[in-house]
K.L.:
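Structure provided below as structure tokens; questions to follow.
Since this is a predicted model, take the numbers as computed values, not measurements. Values below: all heavy atoms of this structure, side chains included; hydrogens, waters and symmetry mates excluded.
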Amino acid sequence: MRKLFLPLFIILLMSGCKKSELEAVNASPAVAEYDVKAPPSSKEVYQMAPSSSISEKSETVNKSAQASVAPKKADTISKKIIKNGNMKIQVGDIKKAQNQVRDILNKNNAYIQTEQFQNTDMDDNLDLVIRVPHKNFDALVNSFSDGVGSVLSKNISSDDVTEEYTDVSIKLANKRIYLEKYRDMLRSASTTKDMIEIQEKIRELEDEIDVAEGRLRFIDDRVNYSTLNLSLYKEKVRSSATSKIGFGSRFADSVTEGWNSFVTFLLGIISFWPFLLIIPIIIFLWRKRKTSRIKK
């Protein structure tokens, strides 16, 4: 019985050794595959192509910004109309007309931006620059035309700036995107030269953005509030047909003007007093010389 089991044990032992060798052989390709996928050495990383220059990056920024900003259509922006006007009104009393103007301004939510008064010998002039909400502009002009005085001149103009506003808005949006991308580049810049160049680009973009924003604010202000240049005019010297000054007042004015002219003439003569002093002396010397000649 022992002789029968001994050969059987030897056969099983040999089959187990062969199975372990086969498993070892099958495991070797996995190790080789792992070695192939290993990361490159430091020498291989050093030999990779260098990064692009700052100018090439700038071109990339511009292209990407243009691609990321869809152009605004003109119909997405409401109409931008700037209305301006000039009026000259002849009035009988400047102060009364000024009070009427202030009442009209209050009714139309308008205000006086500048005010200038001139008093001359011929007339009185009150020049006003008025800002009024766009929707109340026509009502304001009609109120001045009806109840303040006689309109001598009136000029109203409208300027459509929708195209300019749209163009500036699109350029401003693009510049803001450029600015953000350059700021990202600045955070990842590796050399001092790149940092200086990027900072200069950022400064230029910030200045351009400030100018564009200021232009848009100016247009919005002119669109929302229209401008009217109003001149109130009172003539002092009037014809006899329209003058309200009586004969007695005009007679007194004439006497006053005559007296003023006489005083001016008298003062002019007095201003020549050195000549008036020299002339008698010359006459005295001439007569004395003539008398001495006769005696001889």
K.L.:
Does a side chain donor of either Asp123 or Asn125 reach within less than 3.5 Å of an acceptor in the other side chain?
P.N.:
yes
K.L.:
Evaluate salt bridge (Lys or Arg N to Asp or Glu O under 4.0 Å) for Asp159 paired with Arg222, printing each intermediate quantity in order.
P.N.:
CA-CA 10 Å; Asp159 187 15; Arg222 294 297 168 177; over 6 Å; no
K.L.:
Give the cluster check for Val91 versus Val151: same hydrophobic cluster or not, with ILVMFWY residues linked at side-chain heavy-atom distances below 4.5 Å.
P.N.:
yes
K.L.:
Are side-chain N/O atoms of Ser157 and Asn84 paired as donor and acceptor at under 3.5 Å?
P.N.:
no
K.L.:
Cluster question for you: counting only ILVMFWY and a side-chain heavy-atom cut-off of under 4.5 Å, with indirect links fine, are Val148 and Ile130 together?
P.N.:
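Yes: a chain of side-chain contacts under 4.5 Å links Val148 to Ile130.
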K.L.:
Just do the salt bridge (Lys or Arg N to Asp or Glu O under 4.0 Å) check on Asp160 and Lys79 with the steps written out, would you?
P.N.:
CA-CA 8 Å; Asp160 189 348; Lys79 281 285 186 179; 3.3 Å; yes
K.L.:
Less than 4.0 Å between a side-chain N and a carboxylate O, is that true for Glu213 and Arg176?
P.N.:
yes
K.L.:
Are Phe117 and Leu232 connected in the hydrophobic side-chain network, where two residues link if heavy atoms are under 4.5 Å apart?
P.N.:
yes
K.L.:
Checking Lys171 now: which residues fulfil side-chain hydrogen bond (donor to acceptor under 3.5 Å, both in side chains) with it, not counting sequence neighbours?
P.N.:
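Listed in chain order: Asp167.
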K.L.:
With the side chain counted from C-beta on, respond yes when Arg203 and Glu200 share a heavy-atom pair under 4.5 Å apart, and no when they do not.
P.N.:
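The answer is yes; the side chains approach within 4.5 Å.
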K.L.:
Does the side chain of Glu115 pick up a donor-acceptor pair with the side chain of Gln98 at under 3.5 Å?
P.N.:
yes
K.L.:
Tell me, do Gln90 and Glu235 make a side-chain contact under 4.5 Å, heavy atoms counted?
P.N.:
yes
K.L.:
Does Lys80 count as lying over the ring of Tyr165, i.e. NZ or CZ under 6.0 Å from the six-ring centre, within 45 degrees of the axis?
P.N.:
yes
K.L.:
Considering only heavy atoms from C-beta outward, does the side chain of Ser145 approach that of Met87 to under 4.5 Å?
P.N.:
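Heavy-atom side-chain distance check passes, below 4.5 Å.
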K.L.:
A side-chain contact here means heavy atoms from C-beta on lying under 4.5 Å apart; do Asn86 and Lys154 qualify?
P.N.:
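When only atoms from C-beta onward are counted, Lys154 and Asn86 do not touch, as no gap falls below 4.5 Å.
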K.L.:
If we only count heavy atoms from C-beta on, is the Asn224 to His134 side-chain gap below 4.5 Å?
P.N.:
no
K.L.:
Below 4.5 Å, heavy atoms only, C-beta onward: do Val141 and Ile156 meet side chain to side chain?
P.N.:
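Yes; the side chains approach each other to less than 4.5 Å.
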K.L.:
Is Glu180 paired with Lys175 through a side-chain N to carboxylate O contact shorter than 4.0 Å?
P.N.:
no
K.L.:
Any side-chain heavy-atom pair from Leu216 and Leu172 closer than 4.5 angstrom?
P.N.:
yes
K.L.:
For residues Ile81 and Phe137: do they belong to one hydrophobic cluster (side chain heavy atoms under 4.5 Å, members Ile, Leu, Val, Met, Phe, Trp, Tyr)?
P.N.:
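In one cluster: no.
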